[in-house]
Amino acid sequence: MQIIAHRGASGEYPENTLLAFAQALAQGADAIELDVFAVENELIVIHDAKLERTTNGQGSIYQHTLAELASIDAGHGQTIPTLWQVLQLIQNKCWLNIELKGANTLQPLLTLLQRAEIELGFDLQTLLISSFNHPLLNALKAARPAIRTGALTASLPLHYAAFAAELKAEAVHCDAGFIDEKMVKDAKARGLKVYVYTVDSKDELAQMQQLGVDGIFTNYPAQSRQFLGL
Ligand code: G3P
Ligand code: MG
């Protein structure tokens, strides 16, 4: 079972910050999940388009310049990182799930990955790009078929994992509140990995273990590993 640090070790540190990602690595997470938006064609790592919940800034990220966003406090003196900063930190130390939040993220991502492959020796095989925006995933796959994708759903779709297979995804990313045995069976029959968000409690972790999912997104990587007996 893969332990994927959801927004980093975000249960204990400010989510989607370099600190939370460094702590996830220190806690032995197999992977890190993070969320990105594009501002001035640069990918920044933040979950909400609005600044209030996780920072001392105000309003929409799109009302600010990149320089202004870089000066905002995201908690514990951390800043809103750029994806480039995160790639430099991770340096292939674990696999990475980049969740595309903004619709205008595709071109900046393709440009950034090309740079990361050249300058950082970044291995594309350690990457999984996910989104709730399925046309965006489709466009990504068409532009660069070698990039592996994860199809997100916050529902139990009528035809189970068929949508993820149609997207030629590597994995289906399911909401813990909806996933069931049929979904897992269907995904596996289609050769898809099953990753489930967000799983922190002992009971839910045991339930996911019983369902035989391939990985869980958790805010507490070390604790979840311990609960799972890994
Ligand atoms: O990628 C899994 C999970 O992060 C999706 O939901 O809202 O936490 O980004 P959210
Ligand atoms: Mg996410």
Side-chain angles (χ1 to χ4, degrees), residues 3-109 111-113 115-116 120 122 126-133 136 150 152 154 173 197-200 216-224:
I3 304 284
I4 307 161
H6 183 240
R7 311 178 195 175
S10 61
E12 299 164 274
Y13 303 93
E15 68 177 52
N16 281 328
T17 62
L18 293 178
L19 175 62
F21 301 138
Q23 290 297 326
L25 287 175
Q27 292 185 16
D30 298 298
I32 288 171
E33 185 264 0
L34 52 78
D35 311 282
V36 299
F37 284 90
V39 172
E40 294 175 19
N41 282 325
E42 177 92 42
L43 293 175
I44 60 165
V45 183
I46 188 165
H47 181 273
D48 304 354
K50 289 194 173 157
L51 292 163
E52 282 83 353
R53 185 180 61 84
T54 59
T55 76
N56 67 349
Q58 284 186 336
S60 161
I61 53 171
Y62 300 120
Q63 293 169 329
H64 295 267
T65 64
L66 206 51
E68 283 166 1
L69 290 169
S71 69
I72 285 172
D73 189 338
H76 292 203
Q78 293 290 298
T79 53
I80 300 168
T82 61
L83 183 56
W84 180 253
Q85 289 175 315
V86 179
L87 294 184
Q88 285 179 306
L89 174 80
I90 293 181
Q91 293 271 8
N92 299 326
K93 291 189 187 95
C94 70
W95 63 271
L96 178 64
N97 174 202
I98 299 170
E99 183 187 340
L100 303 178
K101 289 289 190 197
N104 54 347
T105 44
L106 180 55
Q107 203 47 53
L109 177 75
T111 306
L112 184 95
L113 290 181
R115 183 180 167 205
L120 304 176
F122 188 78
T126 65
L127 187 67
L128 197 57
I129 307 293
S130 63
S131 189
F132 287 105
N133 184 333
L136 188 61
L152 268 159
H173 298 194
Y197 64 94
T198 305
V199 188
D200 291 330
I216 48 113
F217 297 90
T218 177
N219 298 321
Y220 299 90
Q223 178 183 280
S224 293

Are the side chain of Thr126 and the backbone N or O of Asn92 linked by a donor-acceptor pair below 3.5 Å? no
Is any side-chain heavy atom of Thr105 less than 4.5 Å from a side-chain heavy atom of Asn133? no
Tell me if a side-chain donor or acceptor on His47 pairs with a main-chain N or O of Lys101 at a distance below 3.5 Å. no
Could you check whether any side-chain N or O of Asp73 sits under 3.5 Å from a backbone N or O of Asn56, counting only pairs where one atom can act as donor and the other as acceptor? no
Please collect all ring-ring contact (aromatic ring centres under 6.0 Å, His included) contacts where either partner lies in residues 74-106, sequence neighbours excluded, each pair once. Trp95-Tyr195
Please table the atom pairs, donor to acceptor, closer than 3.5 Å between any side-chain atom in residues 33-43 and protein atoms at least two apart or in another chain.
from, atom 1, to, atom 2, distance (Å)
Glu33, OE1, Arg7, N, 3.2
Asp35, OD2, Asn16, ND2, 3.1
Glu40, OE2, Leu66, N, 3.0

Residues forming a ring-ring contact (aromatic ring centres under 6.0 Å, His included) with Phe217, sequence neighbours excluded: His173
Starting from the C-alpha separation in whole Å, work towards a yes-or-no answer on side chain to side chain contact (heavy atoms under 4.5 Å, CB included) for Glu99 and His6. CA-CA 11 Å; Glu99 183 187 340; His6 183 240; 5.8 Å; no
Do Val199 and Ser224 have side chains that get closer than 4.5 Å, going by heavy atoms? no
Can you name the residues that form a side-chain contact (heavy atoms from CB on, under 4.5 Å) with Lys50, not counting sequence neighbours? Glu52
Would you say Ile129 and Leu100 make side-chain contact, with heavy atoms under 4.5 Å? yes
Please check: side-chain N/O of Asp30 versus main-chain N/O of Ile3, any donor-acceptor pairing under 3.5 Å? yes
Could you tell me which residues satisfy side-chain hydrogen bond (donor to acceptor under 3.5 Å, both in side chains) with Glu12, sequence neighbours excluded, listed by chain and number? Gln27
Side-chain contact, heavy-atom cut-off 4.5 Å: Ile90 with Phe122? no
Listed partners of Gln91 passing side-chain contact (heavy atoms from CB on, under 4.5 Å), at least two apart: Lys93, Leu120
Take Leu69 and Ile61, measure what side chain to side chain contact (heavy atoms under 4.5 Å, CB included) needs, and give me the verdict at the end. CA-CA 7 Å; Leu69 290 169; Ile61 53 171; 4.3 Å; yes
So which atom in Asn97 and which in Leu128 form the shortest heavy-atom distance, rounded to 0.1 Å? ND2-O, 2.9 Å
